Every structure is written in structure tokens, then in C-alpha cells.
Asker: 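Please find one structure pasted underneath; my questions will follow.
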Amino acid sequence: MPHLAHPLLRNVVPRSPFDGHRRRQCLQYLRTLRTLQYDGFTTVYLGETEISESLVTGEEPCSDARGRPGPAWRVVHAGGGQGWVPWRHRLLLRDELCAGRDHSLFPEFCDVVRKAYGKCAIVVKERRRQDGAGPKEDKDPEARARAPPVLQLTSIACHPEVAKSCGHELLSLPPRSTYLSPLDSAWSSLKWFIINSRGEFSLQSVGGIYSYRYILLSDLISRGIERVTPSKWRALVGKARRWENYYLGKLS
């Protein structure tokens, strides 16, 4: 007969030693963001997502003889309570990114949102680090809530001093807090559109014994981005705002 745990112990959730550190990070981020919002800053979420070849074609993922994954692209864009920002999104091939990031993207982005919205709080989810370093105590909580010297995404490097030169503030989204940003839901909507609509953006060519299929990838991505309308963005931002209120009340 299997041994059953005591009923009072069934709901005990083991906690990591990093949980307290993450809670402090989250609270620092939320307080800093609210302060900036009260000071008239417009919140803008900047990020990227990966679009794999298998997602575009609907075929099984493949790899080369060395086991490396097939081609993939990175979509870079940003949005906020008023919808996607009036900045042309970027579609970058992953292999091209290995040669280095385009350092002109972030200054261009900062200039565009300054002209569109004035001063902005630019929230970025940094690419996940692989060093496995443990948490460090914060000597200056207010400074820690803001971005480190450089926020590295796969396709773009975000420099706080570049943001400040345009009147913006750059904030780093706390780890494992994607629900505090509407971007992940916007990317999910884009990917569902790709899955459901890729046939409409495909061209078939038959020549000799071979047939070829061409997918208008740029048009497919652009149309998918357009499907995330300003009204959808307002709903996504409202959801993130409710999470912010919840954690501010719970952690304060």
C-alpha cells in the first residue's frame, strides 16, 4: 500500500534560496516603473522572438550533418498601451546575428519613440544568461531596478546611456516575470497567425521532376503583426497592469 503524505504537508511548496532575491527584484522593478509612470513616462515594451523554419513551413524540424538546428529568424519590435510603436520591425536571420549585432538599431528606436511619445520607460527582457551565477545583494535598490550597463538581446544591444540621451529610462524586466510584459502574448498571437495562415502566403512552382514552394515570409510576418491591433494591445497591457497591482499589494 503506497505511503500517503500527511494532508497538511501536501500543499507545502519547496522554495528556492533565490526566491527572496527574485521577490526583491520584482518589487524594485515595479516601484521604479510606477514612479516613472507618475512622472509622465510612457511605458514601451521592447523585445524579440524567434521564428523557426519548421514554424513557417509546418514541416518537422531538421538539422544539418553536425546536428545544428535549421534556419531561424528573429523578429524585433515594441509596443505599449497605444499599440505597436511607429517603428519598422526588423526580421533578422539568426546566422547573420552570429557576426554581431546592429548597434544602430537601438539609437534609431529611441529617437522614433521620443518623437512619437516623448519620454518613455523602455522595458526590455534580457536574454537569459547561462553563467548560473547566484544572486548578489543590492547595494542601491533604486539603481538595481534600472538596467545594467548593457542589456543584451540576441539581435540588439540596449545601452542605458543611449536611452537617457533621448530622455528615456531603460528598465530590465525581472527574471521569470514575463506576465508583467504584454509582449509574450503578442508574440504568441503572431505565431498562431503564422501557423493558421502560412498557406495563404505560399507559392507553388513545378518544374521537371521537382516542385518548389515559396513562402512570402516578410509579408506573413507583417500581416501577423498587424493582426495584433491597438485594441488587443490595450487588453494585453491591462492584463499586465493587473499583475503589477497584484504584486505591488502582495509584496509591499
Side-chain angles (χ1 to χ4, degrees), residues 18-48 76-87 105-129 135-153 156-186 230 232-252:
F18 302 129
D19 283 352
H21 176 72
R22 291 181 182 130
R23 285 196 296 271
R24 289 193 297 273
Q25 279 185 316
C26 185
L27 187 57
Q28 290 163 10
Y29 161 77
L30 291 174
R31 286 174 172 170
T32 303
L33 179 61
R34 283 298 166 89
T35 299
L36 292 173
Q37 290 171 341
Y38 291 147
D39 288 343
F41 284 75
T42 300
T43 307
V44 172
Y45 301 90
L46 171 65
E48 62 184 0
V76 185
H77 208 358
Q82 303 178 48
W84 295 107
V85 301
W87 179 68
L105 286 182
F106 189 63
E108 176 191 325
F109 171 80
C110 289
D111 186 56
V112 168
V113 295
R114 178 183 60 82
K115 294 176 180 177
Y117 308 125
K119 55 185 182 180
C120 297
I122 303 174
V123 179
V124 177
K125 182 177 74 172
E126 190 174 13
R127 180 165 56 92
R128 186 174 180 180
R129 299 182 179 182
K136 297 180 180 180
E137 290 298 323
D138 301 325
K139 295 182 180 179
D140 186 352
E142 185 71 14
R144 179 64 186 86
R146 288 184 166 82
V150 181
L151 274 177
Q152 300 286 3
L153 281 71
I156 183 172
C158 304
H159 297 264
E161 62 271 18
V162 173
K164 284 182 178 293
S165 69
C166 292
H168 308 313
E169 288 289 346
L170 185 63
L171 301 181
S172 175
L173 192 69
R176 301 184 182 182
S177 301
T178 54
Y179 44 82
L180 296 176
S181 168
L183 258 183
D184 274 26
S185 296
K232 289 183 179 179
W233 261 107
R234 285 192 291 270
L236 296 176
V237 171
K239 183 178 179 180
R241 183 83 174 190
R242 288 192 293 272
W243 276 111
E244 291 174 7
N245 293 336
Y246 171 76
Y247 278 103
L248 277 171
K250 182 178 180 180
L251 301 180
S252 296

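As the structure is a computational prediction, the values presented were derived from the model and not from experiment. When reading the values below, keep in mind they use all heavy atoms of this one structure, side chains included, and skip hydrogens, waters and symmetry mates.
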Asker: Got a sec, which residues hit side-chain contact (heavy atoms from CB on, under 4.5 Å) with Thr43, two or more places apart in sequence or on another chain?
Answerer: Leu33, Gln37, Tyr45, Val123

Asker: Are Tyr247 and Tyr179 an aromatic pair, judged by ring center distance below 6.0 Å?
Answerer: yes

Asker: Once rounded to the nearest 0.5 Å, what's the spacing between atom CG of Leu236 and atom CG of Leu183?
Answerer: 9.0 Å

Asker: Among pairs that include at least one residue of residues 110-120, which meet salt bridge (Lys or Arg N to Asp or Glu O under 4.0 Å), considering only residues two or more places apart or in two chains?
Answerer: Asp111-Arg114, Asp111-Lys115

Asker: Less than 4.5 Å apart, side chain to side chain, heavy atoms only: is that true for Leu173 and Val124?
Answerer: no

Asker: Please answer whether the main-chain N or O of Val162 pairs with a side-chain N or O of Ser165 as donor and acceptor at a distance below 3.5 Å.
Answerer: yes

Asker: What are the two closest non-hydrogen atoms of Phe106 and Ala157, and how far apart are they?
Answerer: CB-O, 3.6 Å

Asker: Is there a side chain to side chain contact (heavy atoms under 4.5 Å, CB included) between Cys120 and Leu36 once you walk through the steps?
Answerer: CA-CA 8 Å; Cys120 297; Leu36 292 173; over 6 Å; no

Asker: Any idea which heavy atoms bring Glu48 and Val76 closest together, and the distance?
Answerer: CB-CG2, 4.2 Å

Asker: Could you list all the salt bridge (Lys or Arg N to Asp or Glu O under 4.0 Å) pairs where at least one residue sits in residues 235-252, not counting sequence neighbours?
Answerer: Arg34-Glu244

Asker: Please name the pair of heavy atoms, one in Pro182 and one in Trp233, separated by the smallest distance, quoted to 0.1 Å.
Answerer: CG-CZ3, 3.4 Å

Asker: Which residues pass the side-chain contact (heavy atoms from CB on, under 4.5 Å) test with Val85, not counting sequence neighbours?
Answerer: Val44, His77, Ala78, Trp87, Phe109, Val113, Tyr117

Asker: Please report the shortest heavy-atom distance between Ala240 and Ser181, naming the atom on each side.
Answerer: CB-N, 4.3 Å

Asker: Which heavy atom in Pro174 sits nearest to a heavy atom in Gln25, and how many Å separate them?
Answerer: CG-O, 4.1 Å

Asker: To the nearest 0.5 angstrom, please state how far the SG atom of Cys110 sits from the CD1 atom of Ile122.
Answerer: 4.0 Å

Asker: Kindly give the heavy-atom pair with the smallest separation between Leu46 and Cys158, and that separation in Å.
Answerer: CD2-SG, 4.0 Å

Asker: Assess the residue pair Thr32 and Leu171 against the criterion (side chain to side chain contact (heavy atoms under 4.5 Å, CB included)); give the C-alpha distance rounded to whole Å, side-chain angles, the decisive distance to 0.1 Å, and a yes or no.
Answerer: CA-CA 9 Å; Thr32 303; Leu171 301 181; 3.9 Å; yes

